[in-house]
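Each ligand, and each atom within it, is numbered from 1 in the order the structure gives.
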Amino acid sequence: MGDYEPERVLSAPASMCKDPLNISNETSGVLYHQLRQKPLNIVGGKGSYLISDEGLEILDATCGAAVSCLGHSDKRVHEAIMDQLQKIPYCYSLYFTNSAAENLSRILVESTGGKMSRVFISSSGTEAVEASVKMAMQYFRELPTPQPQRVKFISRKQSYHGNTLGSLAVGHHVARRAIYESILTKNVTHVSQCYPYRDMKAGESVEAYIGRLAMELEDEFQRLGPDTVCAFVAETMAGATLGCQPALPGYLKAMKEVCERHGALFILDEVMSGMGRTGTLHAWEQEGVVPDLQTIAKGLGAGYAPIAGLLVNKRVVDTLTRGTGAFAHSQTYQGHPVSCAAAYKVQQIIQEDNLLPNVRVMGEYLGSLLREKLGGHPHVGDIRGRGLFWAMEFVRNRETKESYPPSQKIAWTLHTTGLKPQHAISLMPGNGGADGVNGDHICLAPPYNTTKEEIEMIVERTVNVIQEVLG
Ligand SMILES: *Cc1c(COP(=O)(O)O)cnc(C)c1O
């Protein structure tokens, strides 16, 4: 792990503690996620810990939403940000380039072995997904023989691809879509996830199950008209909405084959699963497929600055280069120098500290400990994951796999219970995984530089929280 060992506080520096905001929910100007409740106020962070204004040290077992993959206090990233601020904080990407964006894009392209040849840098995963949809549309319009009839997208149920109207339509997060259904584009349809716990039939082989999923996608192409489909979009490893579901071996290959047969693009959303979270820098490296377009975000800048990217395959770049010669999409903060400098340093640290092997080894350890301590729990239906990305799906009844009623808010209760001082752990709750509405899970996503001792503490605290809520 190089010579760098993140400091791990067990007592927060006095200057950080006891710095309570003299603000209540009524006097705050912030539109909190839960409007009726002021969340904990975080005043500091060190290693894997968040420090509240009451001095509570919360073990951040999820890096927020699988974001802070180096922990919260890496001085090297702080310095890179300060250096860039002193050089140039911002320049408009329509007129100029900058060395931070150049450096970051170059190492990203190199990290794919040149399979992806250019990068469009935006500020959020949502924007990267929107850009991928627009890029796919433009690609078909600028082919030597244009295919403007390709206007439809196929993605998967219980998937999440972002929260603006375009990306929300691509995904299938039932709760987040609910009140907007009537204004979401009808050009997206959804096929089943690869979700063996609930969808693989008793006695069915992996090959037969994958064959069935590929046939479902083929049927959807046929139903829509194969030459009207622009792209198929999938998370390489399903993230927060379904709950850390890795693809079965051969599944993504089978899905890509269907796309190729019909000339549609294959888009992988690695906003959550990419940049090392699953043990390889790109999650697709473990699947034997290369996407045409790939989105990345959460681990890219590790939370030190908002940043995301759309990696574009050579074939698509070449088509646009010979076509209009410009991507018909841009945003003010695209390629932001400070964000790029932060992400460039984060990516250098992941390489220099050799963190990916640690993700794989600690990930195996986390998975095996969860299975050992919770595999027999009457309300833990499934434990699944890969790398440092694991979920537990909770059920009322293990035999029937019956979920808890959504009104019981099991996952959210696990999250809030974890934040009590006696547990002091942040867990990532999810619901609707089973069928869009029912199903509760929590995800764990520790930082890439986590240690054996920390994994043991995460599992111990998680078990205690589950016991308090579910017995
Ligand atoms: C989080 C997420 C997004 C959206 O990213 P934001 O940065 O929240 O806009 C898109 N796709 C996947 C798979 C995600 O997990």
side-chain contact (heavy atoms from CB on, under 4.5 Å) with Val338: which of Ile81, Ile88, Asn98, Asp83?
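Result for side-chain contact (heavy atoms from CB on, under 4.5 Å) with Val338: Ile81.
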Who's the nearest protein heavy-atom neighbour of [atom], and how far?
atom                    : answer
atom 7 (O) of ligand 1  : Gly125 N, 2.9 Å
atom 3 (C) of ligand 1  : Val271 CG1, 3.6 Å
atom 10 (C) of ligand 1 : His161 C, 3.4 Å

Under 4.0 Å from a heavy atom of [X]: which atoms of ligand 1 are those, numbered in the order shown and with their elements?
X      : value
Met272 : 15 (O)
Ser124 : 7 (O), 9 (O)
Glu235 : 13 (C)
Asp269 : 10 (C), 11 (N), 12 (C), 13 (C)
Gly162 : 4 (C), 10 (C)

Salt bridge or not for Glu257 and Lys253, using N-O below 4.0 Å?
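Answer for the salt bridge query: no.
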So, regarding Thr126 and ligand 1 (criterion: nitrogen or oxygen to nitrogen or oxygen, under 3.5 Å), is there a contact or not?
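Between Thr126 and ligand 1, an N or O pair is found under 3.5 Å apart.
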For Thr280, check side chain to side chain contact (heavy atoms under 4.5 Å, CB included) against everything at least two apart and list the hits.
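For Thr280 the side chain to side chain contact (heavy atoms under 4.5 Å, CB included) partners, ignoring immediate neighbours, are Thr278, Glu285, Gln286, Arg360.
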Is it true that a side-chain atom of His379 and a backbone atom of Val395 form a donor plus acceptor pair closer than 3.5 Å?
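Such a contact is found between His379 side chain and Val395 backbone.
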Close side-chain approach of Lys87 to Gln84, heavy-atom, < 4.5 Å:
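Answer yes - side chains close enough.
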Please confirm whether Lys298 comes under 4.0 Å of ligand 1, counting heavy atoms of the residue only.
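Yes, Lys298 has heavy atoms under 4.0 Å from ligand 1.
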For residues 231-248, please give each side-chain donor-acceptor pair under 3.5 Å, one per line with the distance, not counting sequence neighbours.
{"from": "Glu235", "atom 1": "OE1", "to": "Gly239", "atom 2": "N", "distance (Å)": "2.9"}
{"from": "Glu235", "atom 1": "OE2", "to": "Tyr160", "atom 2": "N", "distance (Å)": "3.2"}
{"from": "Thr236", "atom 1": "OG1", "to": "Glu270", "atom 2": "OE2", "distance (Å)": "2.8"}

Please say whether the positively charged group of Lys38, taken as NZ for Lys or CZ for Arg, lies over the ring of Tyr32, i.e. under 6.0 angstrom from the six-membered ring centre and within 45 degrees of the axis.
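Ring-cation test returns no.
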